[in-house]
Amino acid sequence: MAKNYVFTVDLRYGGTTPSFLIFLDGKDILPLNTMPVLEKDDTITFSFKGREVLDGAMYWRPLANDLPLNPFAGQEGFKFPVKEGDVFTIDKKSGNWSFVITGTYQATLTFGHEAISIPFLIDPEADVGTGVGPR
């Protein structure tokens, strides 16, 4: 049976390498910054807590030559945008991918009222159906 995961990026504390948690049925199911083994037809909903992401993007790379560029239904190529509430469905039965999530968010300097854009980067890996993880 397909599972519906929520990939939650925590931008509340600022910084350029924020942490993420994976939720299933409203509960965090894994240690901080850990991905579950995904299966075909599982969904991942993206959530950004604490700040609005201005230009989020995901970059995917297969870890074997015979894999498509990403494991999602309806997504072409290795780069595509990601924003609050986006839902992606796993469309592959097996494989390992490396991916990064990048973007910027607004912050106000403490000594002034000027808003600045701060870049961030998250670098997890995705195991679809193998249960052994990337090698």
- Message: Apply side-chain contact (heavy atoms from CB on, under 4.5 Å) to residues Asp42 and Tyr5 and explain how you reach the verdict.
- Response: CA-CA 8 Å; Asp42 285 353; Tyr5 296 100; 3.6 Å; yes

If we only count heavy atoms from C-beta on, is the [X] to [Y] side-chain gap below 4.5 Å?
X     : Y      : value
Pro62 : Leu69  : yes
Lys92 : Phe72  : no
Trp97 : Leu67  : yes
Ile22 : Met35  : yes
Val6  : Leu24  : no
Val82 : Ile101 : yes
Val9  : Pro18  : yes

Pairing residues for [X] by the salt bridge (Lys or Arg N to Asp or Glu O under 4.0 Å) criterion, not counting sequence neighbours:
X     : answer
Arg61 : none
Asp41 : none
Lys93 : none

- Measure centre to centre between the rings of Phe99 and Trp60, then say whether the value is under 6.0 Å. yes

- Task: Could you walk me through whether Asp10 and Ser19 pass the side chain to side chain donor-acceptor pair (under 3.5 Å) test, one step at a time?
- Result: CA-CA 6 Å; Asp10 190 351; Ser19 60; 4.6 Å; no

- Among all residues two or more places apart in sequence or in another chain, which pass the ring pair (Phe, Tyr, Trp, His ring centres under 6.0 Å) test with Phe46? Phe7, Phe88

- Query: Without hydrogens or angle criteria, can the side chains of Asp55 and Thr104 be said to hold a donor-acceptor pair below 3.5 Å?
  - Reply: yes

- Query: Val128 and side-chain contact (heavy atoms from CB on, under 4.5 Å): which partner among Asp91, Asn96, Ile90?
  - Reply: Ile90

- Where the side chain of Glu84 meets the backbone of Ser47, is there a donor-acceptor pair that is under 3.5 Å apart? no

- Which pairs, with at least one residue in residues 64-74 and sequence neighbours excluded, count as a side chain to side chain donor-acceptor pair (under 3.5 Å)? none

- Item | Rounded distance (nearest 0.5 Å) linking atom CG of Leu21 with atom OG1 of Thr8 | 7.0 Å

- Query: Could you state the interatomic distance from OH (Tyr105) to CG (Leu54), rounded to the nearest 0.5 Å?
  - Reply: 10.5 Å

- Query: What do you reckon, is CD of Glu52 surrounded by more than 12 foreign heavy atoms closer than 6.0 Å?
  - Reply: no

- Take atom CZ of Phe78 as the centre, draw a 6.0 Å sphere, and report whether it contains more than 12 heavy atoms from other residues, nucleotides or ligands. no

- Contact summary for Gly50 and Arg12, nearest pair of heavy atoms: CA-CG, 3.4 Å

- Only counting residues at least two apart or in another chain, list the ones meeting side chain to side chain donor-acceptor pair (under 3.5 Å) with Lys3. none

